[in-house]
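Structure first, commentary second.
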Amino acid sequence: MPGIAKATDGQRIAGVRRRAKYLLIDLELGSLLLHLGMSGSLRVLPADAPRRLHDHVDLQLDSGQLLRFNDPRRFGSLHWLTGDVMAHPLLATLGPEPLEDQFDGAYLHSHCRGRRVAIKQHIMNSHVVVGVGNIYASEALFRAGIRPGRAAQSLTRAQCDALAQSIRDVLTMAIRSGGTTLRDYVGVDGAPGYFRQKLYVYERADEPCRNCSTAIRHRVQGQRSTYYCTQCQS
DNA sequence: CTTTGCACCTGTTGGC
DNA sequence: TGCCAACAGGTGCAAA
(Lines give C-alpha, C1' and ligand atoms only; values in the text may rest on other atoms or scores of the structure.)
Protein backbone atom coordinates (compact mmCIF):
# COMPACT_ATOMS: atom_id res chain seq x y z
CA MET A 1 0.00 0.00 0.00
CA PRO A 2 1.60 3.27 -1.09
CA GLY A 3 2.15 6.41 0.99
CA ILE A 4 -1.18 8.14 1.54
CA ALA A 5 -3.17 4.92 1.64
CA LYS A 6 -0.95 3.53 4.38
CA ALA A 7 -0.88 6.80 6.35
CA THR A 8 -4.67 7.15 6.36
CA ASP A 9 -5.80 3.51 6.56
CA GLY A 10 -8.50 2.78 9.14
CA GLN A 11 -8.91 6.32 10.49
CA ARG A 12 -12.23 8.00 11.11
CA ILE A 13 -13.16 11.21 9.35
CA ALA A 14 -13.28 13.78 12.13
CA GLY A 15 -14.56 16.60 9.97
CA VAL A 16 -14.41 18.37 6.65
CA ARG A 17 -13.29 21.96 6.09
CA ARG A 18 -12.51 24.27 3.22
CA ARG A 19 -9.81 26.93 2.85
CA ALA A 20 -9.66 28.83 -0.43
CA LYS A 21 -10.30 26.16 -3.09
CA TYR A 22 -8.67 23.47 -1.00
CA LEU A 23 -10.83 20.85 0.67
CA LEU A 24 -9.55 19.54 4.01
CA ILE A 25 -10.70 16.12 5.14
CA ASP A 26 -9.61 15.83 8.76
CA LEU A 27 -8.76 12.34 9.95
CA GLU A 28 -7.53 11.31 13.40
CA LEU A 29 -3.81 11.64 12.73
CA GLY A 30 -3.76 14.36 10.08
CA SER A 31 -5.66 15.84 7.19
CA LEU A 32 -6.09 15.15 3.50
CA LEU A 33 -5.65 18.33 1.47
CA LEU A 34 -7.49 18.05 -1.84
CA HIS A 35 -7.71 20.46 -4.77
CA LEU A 36 -9.91 19.80 -7.81
CA GLY A 37 -7.84 21.93 -10.18
CA MET A 38 -9.64 22.74 -13.44
CA SER A 39 -11.33 19.44 -14.13
CA GLY A 40 -11.45 17.40 -10.92
CA SER A 41 -14.54 15.98 -9.27
CA LEU A 42 -15.48 14.02 -6.16
CA ARG A 43 -18.35 11.57 -6.29
CA VAL A 44 -19.94 9.28 -3.73
CA LEU A 45 -20.44 5.94 -5.44
CA PRO A 46 -21.34 2.36 -4.57
CA ALA A 47 -18.36 0.23 -3.62
CA ASP A 48 -18.66 -1.80 -6.81
CA ALA A 49 -18.84 1.20 -9.15
CA PRO A 50 -16.80 0.37 -12.26
CA ARG A 51 -13.57 2.30 -12.75
CA ARG A 52 -13.71 4.97 -15.39
CA LEU A 53 -11.07 6.85 -17.29
CA HIS A 54 -9.17 9.34 -15.09
CA ASP A 55 -10.34 7.88 -11.78
CA HIS A 56 -7.29 8.42 -9.59
CA VAL A 57 -8.19 7.88 -5.92
CA ASP A 58 -10.88 6.04 -3.97
CA LEU A 59 -11.54 6.62 -0.30
CA GLN A 60 -13.27 3.51 0.99
CA LEU A 61 -15.91 4.43 3.56
CA ASP A 62 -17.45 2.31 6.33
CA SER A 63 -20.84 2.70 4.69
CA GLY A 64 -19.63 0.55 1.83
CA GLN A 65 -19.53 3.57 -0.45
CA LEU A 66 -16.57 5.18 -2.14
CA LEU A 67 -15.52 8.78 -2.32
CA ARG A 68 -13.91 8.82 -5.76
CA PHE A 69 -11.58 11.49 -7.14
CA ASN A 70 -11.63 11.80 -10.91
CA ASP A 71 -9.53 14.40 -12.71
CA PRO A 72 -8.92 14.29 -16.49
CA ARG A 73 -6.40 17.12 -16.64
CA ARG A 74 -4.63 16.16 -13.42
CA PHE A 75 -4.24 19.76 -12.30
CA GLY A 76 -5.78 18.68 -9.01
CA SER A 77 -3.76 17.46 -6.06
CA LEU A 78 -3.93 15.37 -2.92
CA HIS A 79 -1.58 15.82 0.03
CA TRP A 80 -1.42 14.14 3.42
CA LEU A 81 -0.67 16.70 6.13
CA THR A 82 0.21 16.15 9.76
CA GLY A 83 0.86 18.59 12.56
CA ASP A 84 -0.22 22.21 12.22
CA VAL A 85 -2.25 21.98 9.01
CA MET A 86 -2.70 25.71 8.49
CA ALA A 87 1.06 26.17 8.76
CA HIS A 88 1.57 24.15 5.59
CA PRO A 89 3.23 26.27 2.88
CA LEU A 90 0.24 25.93 0.55
CA LEU A 91 -2.09 27.37 3.20
CA ALA A 92 -0.02 29.61 5.45
CA THR A 93 0.31 32.58 3.11
CA LEU A 94 -3.19 32.64 1.64
CA GLY A 95 -5.16 35.88 1.73
CA PRO A 96 -8.55 36.23 3.40
CA GLU A 97 -11.74 34.48 2.37
CA PRO A 98 -13.78 36.92 0.26
CA LEU A 99 -16.97 36.34 2.25
CA GLU A 100 -15.29 36.89 5.63
CA ASP A 101 -15.36 40.28 7.32
CA GLN A 102 -11.63 40.97 6.91
CA PHE A 103 -12.09 41.28 3.18
CA ASP A 104 -13.42 44.73 2.40
CA GLY A 105 -12.54 47.87 0.49
CA ALA A 106 -10.08 49.07 3.10
CA TYR A 107 -8.20 45.77 2.99
CA LEU A 108 -8.18 45.68 -0.80
CA HIS A 109 -7.08 49.30 -1.10
CA SER A 110 -4.17 48.77 1.28
CA HIS A 111 -3.06 45.73 -0.71
CA CYS A 112 -3.27 47.63 -4.00
CA ARG A 113 -0.80 50.24 -2.80
CA GLY A 114 2.32 50.26 -4.95
CA ARG A 115 1.17 47.33 -7.08
CA ARG A 116 1.58 47.87 -10.81
CA VAL A 117 0.02 44.54 -11.73
CA ALA A 118 -3.35 44.65 -13.53
CA ILE A 119 -6.25 44.66 -11.09
CA LYS A 120 -7.73 41.50 -12.60
CA GLN A 121 -4.55 39.54 -11.97
CA HIS A 122 -4.33 41.12 -8.54
CA ILE A 123 -7.74 39.90 -7.36
CA MET A 124 -6.96 36.45 -8.80
CA ASN A 125 -3.80 36.29 -6.69
CA SER A 126 -4.53 33.96 -3.79
CA HIS A 127 -2.11 35.84 -1.57
CA VAL A 128 -4.38 38.90 -1.90
CA VAL A 129 -7.79 37.22 -1.66
CA VAL A 130 -8.77 33.62 -2.31
CA GLY A 131 -11.59 32.13 -4.33
CA VAL A 132 -11.74 34.60 -7.22
CA GLY A 133 -11.29 32.59 -10.40
CA ASN A 134 -11.22 33.69 -14.02
CA ILE A 135 -14.98 33.90 -14.48
CA TYR A 136 -15.78 35.85 -11.34
CA ALA A 137 -12.82 38.20 -11.72
CA SER A 138 -14.21 39.48 -15.03
CA GLU A 139 -17.75 39.58 -13.66
CA ALA A 140 -16.83 41.45 -10.48
CA LEU A 141 -14.84 44.04 -12.42
CA PHE A 142 -17.79 44.62 -14.74
CA ARG A 143 -20.15 45.11 -11.82
CA ALA A 144 -17.72 47.54 -10.23
CA GLY A 145 -17.26 49.48 -13.49
CA ILE A 146 -13.48 48.96 -13.51
CA ARG A 147 -11.41 47.92 -16.51
CA PRO A 148 -9.44 44.71 -15.92
CA GLY A 149 -6.19 46.16 -17.26
CA ARG A 150 -6.02 49.04 -14.79
CA ALA A 151 -2.95 48.99 -12.56
CA ALA A 152 -4.01 47.90 -9.08
CA GLN A 153 -2.37 50.97 -7.53
CA SER A 154 -4.51 53.29 -9.65
CA LEU A 155 -7.78 52.31 -7.93
CA THR A 156 -9.30 54.81 -5.54
CA ARG A 157 -10.57 53.79 -2.15
CA ALA A 158 -14.12 54.14 -3.43
CA GLN A 159 -13.35 51.83 -6.35
CA CYS A 160 -11.85 49.29 -3.97
CA ASP A 161 -15.00 49.50 -1.87
CA ALA A 162 -17.08 48.84 -4.98
CA LEU A 163 -14.84 46.04 -6.20
CA ALA A 164 -14.70 44.23 -2.86
CA GLN A 165 -18.48 44.44 -2.66
CA SER A 166 -18.84 43.20 -6.25
CA ILE A 167 -16.59 40.23 -5.54
CA ARG A 168 -18.71 39.35 -2.51
CA ASP A 169 -21.95 39.84 -4.44
CA VAL A 170 -20.98 37.85 -7.51
CA LEU A 171 -19.67 34.92 -5.46
CA THR A 172 -22.74 34.91 -3.25
CA MET A 173 -25.09 34.98 -6.22
CA ALA A 174 -23.11 32.31 -8.08
CA ILE A 175 -23.14 30.00 -5.06
CA ARG A 176 -26.86 30.56 -4.73
CA SER A 177 -27.27 29.53 -8.40
CA GLY A 178 -25.30 26.34 -7.88
CA GLY A 179 -22.17 27.62 -9.64
CA THR A 180 -21.40 28.35 -13.28
CA THR A 181 -21.59 25.46 -15.74
CA LEU A 182 -19.75 26.37 -18.93
CA ARG A 183 -19.25 22.87 -20.27
CA ASP A 184 -19.46 19.93 -17.91
CA TYR A 185 -19.44 21.14 -14.31
CA VAL A 186 -22.09 19.57 -12.08
CA GLY A 187 -22.63 19.90 -8.35
CA VAL A 188 -22.67 17.05 -5.83
CA ASP A 189 -26.30 16.36 -6.73
CA GLY A 190 -25.41 15.98 -10.40
CA ALA A 191 -27.17 19.21 -11.37
CA PRO A 192 -25.44 21.94 -13.39
CA GLY A 193 -25.00 25.46 -12.03
CA TYR A 194 -27.21 28.16 -13.47
CA PHE A 195 -25.12 31.28 -12.95
CA ARG A 196 -24.03 31.26 -16.57
CA GLN A 197 -27.38 32.84 -17.44
CA LYS A 198 -26.49 35.74 -15.18
CA LEU A 199 -23.02 36.42 -16.55
CA TYR A 200 -22.59 39.93 -17.93
CA VAL A 201 -19.30 39.53 -19.79
CA TYR A 202 -17.58 36.15 -19.45
CA GLU A 203 -17.57 34.26 -22.77
CA ARG A 204 -19.71 37.01 -24.30
CA ALA A 205 -17.16 38.42 -26.75
CA ASP A 206 -18.79 40.55 -29.47
CA GLU A 207 -22.20 40.17 -27.87
CA PRO A 208 -24.07 43.29 -26.72
CA CYS A 209 -23.45 44.52 -23.19
CA ARG A 210 -26.49 43.77 -21.06
CA ASN A 211 -26.31 47.29 -19.70
CA CYS A 212 -25.46 49.50 -22.72
CA SER A 213 -25.44 47.22 -25.82
CA THR A 214 -21.81 47.98 -26.69
CA ALA A 215 -20.01 44.89 -28.00
CA ILE A 216 -18.19 43.05 -25.21
CA ARG A 217 -14.42 43.07 -25.70
CA HIS A 218 -12.21 40.01 -25.31
CA ARG A 219 -8.49 40.01 -24.69
CA VAL A 220 -5.86 37.76 -23.20
CA GLN A 221 -4.33 39.09 -20.03
CA GLY A 222 -1.74 37.15 -18.09
CA GLN A 223 -2.44 34.10 -20.28
CA ARG A 224 -6.11 34.14 -19.25
CA SER A 225 -9.17 35.21 -21.23
CA THR A 226 -10.63 38.50 -20.04
CA TYR A 227 -13.94 40.13 -20.97
CA TYR A 228 -15.15 43.67 -20.38
CA CYS A 229 -17.32 46.49 -21.68
CA THR A 230 -15.43 49.54 -22.92
CA GLN A 231 -18.43 51.75 -22.21
CA CYS A 232 -19.41 50.58 -18.73
CA GLN A 233 -15.92 50.00 -17.37
CA SER A 234 -13.17 52.58 -16.96
C1' DC B 1 10.35 42.11 -3.29
C1' DT B 2 7.45 42.45 -7.67
C1' DT B 3 6.25 40.92 -12.07
C1' DT B 4 5.99 37.83 -15.85
C1' DG B 5 5.41 33.76 -18.08
C1' DC B 6 5.79 28.88 -18.00
C1' DA B 7 4.60 24.40 -16.50
C1' DC B 8 1.61 20.84 -15.26
C1' DC B 9 -2.20 17.61 -18.38
C1' DT B 10 -6.16 15.87 -21.37
C1' DG B 11 -10.11 16.82 -24.07
C1' DT B 12 -12.89 19.57 -27.19
C1' DT B 13 -13.64 22.67 -30.83
C1' DG B 14 -13.08 25.11 -34.99
C1' DG B 15 -10.60 26.30 -39.14
C1' DC B 16 -8.42 24.70 -43.19
C1' DT C 1 -12.99 13.15 -43.01
C1' DG C 2 -8.61 14.37 -40.97
C1' DC C 3 -5.16 17.13 -39.07
C1' DC C 4 -3.53 20.66 -36.11
C1' DA C 5 -3.66 24.74 -33.43
C1' DA C 6 -5.94 27.09 -29.92
C1' DC C 7 -8.16 27.03 -25.85
C1' DA C 8 -10.40 25.45 -21.30
C1' DG C 9 -13.13 26.48 -14.72
C1' DG C 10 -6.18 26.79 -11.37
C1' DT C 11 -2.09 27.86 -9.24
C1' DG C 12 2.81 27.03 -7.88
C1' DC C 13 7.20 28.28 -9.19
C1' DA C 14 11.36 29.85 -11.71
C1' DA C 15 13.40 33.58 -13.87
C1' DA C 16 14.22 38.35 -14.68
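Lettering of chains follows the sequences in order, A, B, ..., and the numbering in each one begins at 1. Given the structure is predicted, the values throughout are model-derived calculations rather than measurements. Note: hydrogens, waters and symmetry copies are ignored here, and every other heavy atom, side chains too, is used.
The main-chain N or O of A:I146 is found under 3.5 Å from a side-chain atom of A:Q233 such that the two form a donor-acceptor pair. Between the side chain of A:E139 and the main chain of A:V201, a donor-acceptor pair closer than 3.5 Å is present. In this structure, the side chain of A:S138 does not engage the main chain of A:I135 through any donor-acceptor pair within 3.5 Å.
Salt-bridge check for A:E203 with A:R183: passed, with a basic side-chain N closer than 4.0 Å to an acidic carboxylate O. Classification of A:R17 and A:D26 as a salt-bridged pair holds, one side-chain N sitting under 4.0 Å from a carboxylate O.
Rounding to whole angstrom units, CZ of residue A:R18 and P of C:dG10 are separated by 14 Å. Rounded to whole Å, atom P of C:dA8 lies 11 Å from atom CD1 of A:I135. For the pair A:H35 NE2 and C:dT11 P, the interatomic distance rounds to 3 Å; values are reported in whole Å. Summarising the geometry, the separation between CD on A:Q223 and P on C:dA8 is reported as 12 Å, rounded to the nearest angstrom. One atom, CE of A:M38, and another, C1' of C:dC7, lie 9 Å apart when rounded to the nearest Å. The separation between A:L94 atom CG and C:dG12 atom P is 7 Å, rounded to whole Å. C:dT11 atom C1' lies 16 Å from atom CD1 of A:I123, rounded to whole Å. When rounded to the nearest whole Å, the span between CG of A:L199 and P of C:dA8 equals 14 Å.
The partner of B:dC9 is absent, by the rule that a Watson-Crick or G-U pair needs both atom distances under 3.5 Å.
Counting any heavy atom pair closer than 4.0 Å across all strands shown, A:R115 reaches sugar-phosphate atoms only and no base atom. Residue A:R183 is in base contact, counting any heavy-atom pair closer than 4.0 Å across all strands shown.
Under 4.0 angstrom from either OP1 or OP2 of C:dG12 there lies at least one side-chain N or O belonging to A:Y22.
Between the side chains of A:S41 and A:Y185, no donor-acceptor pair is found at a separation under 3.5 Å. Side chain to side chain, A:Q159 and A:R150 meet the donor-acceptor criterion of an N or O pair below 3.5 Å. Remark: the A:S225 side chain and the A:H218 side chain contain an N/O donor-acceptor pair separated by less than 3.5 Å. No hydrogens or angles considered: a donor-acceptor pair under 3.5 Å links the side chains of A:T226 and A:Q221.
Within residues 164-182 of chain A, the residues having any heavy atom closer than 4.0 Å to DNA chain C are, in order of number, A:T180. DNA chain B is contacted by A:P72, A:R73, A:R74, A:F75 of residues 69-93 of chain A, taking any non-hydrogen atom closer than 4.0 Å.
Annotation: B:dC6 and C:dC7 have their P atoms spaced 14 Å apart (nearest Å). With P as the reference atom, B:dC1 and C:dT11 are 23 Å apart, rounded to whole Å.
With a cutoff of under 4.0 Å to any heavy atom of chain A, the contacted region of DNA chain B is bounded 5' to 3' by B:dT2 to B:dG11.
Relative ring orientation between A:F69 and A:H56 is described as perpendicular, the plane-to-plane angle rising above 60° on a 0-90° scale split at 30° and 60°.
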- Task: Apply side chain to side chain contact (heavy atoms under 4.5 Å, CB included) to the pair A:L163 and A:L108, showing each step before the final yes or no.
- Result: CA-CA 9 Å; A:L163 182 53; A:L108 185 58; 3.9 Å; yes
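Screening A:L42, A:L59, A:V16, A:L24 for a side-chain contact (heavy atoms from CB on, under 4.5 Å) involving A:L34 leaves a single residue, A:L42.
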